[in-house]
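Throughout, a chain's letter reflects where its sequence line sits, starting with A, and its residues are numbered from 1. Predicted model, so just to flag it, every value in this text is computed and none were measured.
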There are 2 protein chains.
Amino acid sequence: MDKVYIARAEPQGAAREIADALALAIHEHRLAPGTKLGEDDLAEIYGVSRTVVRAALQRLAHDRLVDLKRNRGAFVAQPSVREAREVFEARALVEPRTAHSAADRATPADIAALQQHIDAEHAATSEGNAGRALYLSGLFHLEIARIADQSTIEAFLSQLVARSSLIIVLYWQRRNALCESHAHHALLDAFAEADGDRAEVLMKHHLVDLLTSLDLRNAPQPAGSLKEALGR
Amino acid sequence: MDKVYIARAEPQGAAREIADALALAIHEHRLAPGTKLGEDDLAEIYGVSRTVVRAALQRLAHDRLVDLKRNRGAFVAQPSVREAREVFEARALVEPRTAHSAADRATPADIAALQQHIDAEHAATSEGNAGRALYLSGLFHLEIARIADQSTIEAFLSQLVARSSLIIVLYWQRRNALCESHAHHALLDAFAEADGDRAEVLMKHHLVDLLTSLDLRNAPQPAGSLKEALGR
DNA sequence: GCACGAGATACTGTATACAATCTTGTCGAC
DNA sequence: GTCGACAAGATTGTATACAGTATCTCGTGC
């Protein structure tokens, strides 16, 4: 259920697989912001040549998940306060309307899929796997875009959700994630009743709630390589 | 004034230059949808190796300006009717609000820059260079996002505007582009008066107008390879 | 003891070479 | 005459090799 896009059989198959694996690691906070992603290391880990690793890194750089620095290498991105605000502002701009139209279109199968996502979130939280819970929480939002049948918006949101993961690891304050699943459950109810207006309002509040629970006053204190965090 | 991003001194400099050149050619309709972009050809044209050409093509593929087909090569994208609708729906979702916040923030220098864009559009239209006029028309929209100071949205819009170029070449019916510059002028007025509400409404109507002036009933009749258009 | 600089090292950027796959042209069978 | 199969050519996918640049280390001078 994880590799949703693996079946799309696109070109650069190997590069895409590696990019997805790295993106997942970033999502689940196994790779901290600022971590250096050496080409030789990745090539050895995945058993391919640097050529395909570079393609994967370029893809991630395009999604702003990694920063490419000329002659220095690739690093897991460390979104600035400004970027953090922009990402959530963009989400607040797009997602409420998307939720509205998704609620209008949702079929029983869609509702069931959303319920599964929420269950999986709960399971991950119970296991204490906060990183995975956060990743699944992002998938919930993407699923809504899929239900709205707007693949263009879905692709954009996919980037925003991924970057949100990085932002949360850098700026997150509130430690309990219960509010999260509660908000998602409320959204699901609105979907089940096909109440687009309520879904829109709920989504808007959910995102505002997320943004306000971040501490954007201070510069980030990344857990990544010390040299990167300081010298840059 | 064209290569706005050239100064950003990003990694993959050569690849970016080539990607920008190709994107510009697509914008200005010098490269028709469906055109094959052979790696060897491009490598010879730009005097680099296939390595960097591939990086450029991957970048364009990520922006959905070209389709990459495994073991077949890169082709200028041919957006489907569905994609066309989605792109303009996404623009209609994002741009009005962006225009609103841009109108609230616009400085006299911003207004002057927008005026310059409109003048350049007129000049290109007078010269009969419709492709360039369309490209400049897209830049006008991007400039608004820049004024709104939302670089995340601006990057997204940049993709949408680029894809709009392809869509227009495939589905455009109305031949006179006068309505275009008129709408842009009206927007500029709203900006000059810092009337955010009016700018939002104008932008919304402008995009609806654009969408309705497309003929999305028929399958595209691209100038590219016939096999691509039919068999796929 | 500290600052500065030259050399060494390690890494990325690019080009080239080889392998795999698809397209295309030709030949043969039905 | 048409359809199918096989072979030749062309093009992409991947790996490797080389070149350029930044960083680190160690030595020298102050």
Between [options], which nucleotide gets closest to the side-chain atoms of [X]?
X       : options                : result
B:Asp40 : C:dG13, D:dT14, D:dT12 : D:dT12
B:Asn71 : C:dC22, D:dA15, C:dC11 : C:dC22
B:Glu39 : D:dG13, D:dA22, D:dT14 : D:dG13
B:Arg50 : D:dT14, C:dT12, C:dA15 : D:dT14
A:Arg72 : D:dG13, D:dA22, D:dT14 : D:dA22

Could you give the [atom1]-to-[atom2] distance, from [X] to [N], as a whole number of Å?
X       : N      : atom1 : atom2 : result
A:Leu42 : C:dT12 : CG    : C1'   : 13 Å
A:Lys36 : D:dT23 : NZ    : P     : 10 Å
A:Tyr46 : D:dG13 : OH    : C1'   : 20 Å
B:Glu17 : C:dG13 : CD    : P     : 16 Å
B:Arg16 : C:dT14 : CZ    : P     : 14 Å
B:Leu57 : D:dT14 : CG    : P     : 15 Å
B:Gln58 : D:dT14 : CD    : P     : 10 Å
B:Ile18 : C:dG13 : CD1   : C1'   : 13 Å

Look at B:Thr51 and C:dT14 and indicate whether a side-chain polar atom (N or O) is within less than 4.0 Å of OP1 or OP2.
no

May I ask you to verify whether the side chain of A:Arg70 and the base of D:dG20 hold a donor-acceptor pair under 3.5 Å?
no

Taking the six-membered ring for Trp, are A:His141 and A:His117 closer than 6.0 Å centroid to centroid?
no

Tell me, please, which residues at least two apart from B:Phe88 pass ring-ring contact (aromatic ring centres under 6.0 Å, His included).
none

Has the side chain of A:Lys36 got a donor or acceptor atom that lies under 3.5 Å from a matching backbone atom of A:Arg72?
yes

Between B:Phe140 and B:His184, how do the two ring planes meet: parallel, tilted or perpendicular, split at 30° and 60°?
parallel

Across all chains, not counting sequence neighbours, the salt bridge (Lys or Arg N to Asp or Glu O under 4.0 Å) partners of A:Arg146 are A:Asp110, A:Glu143

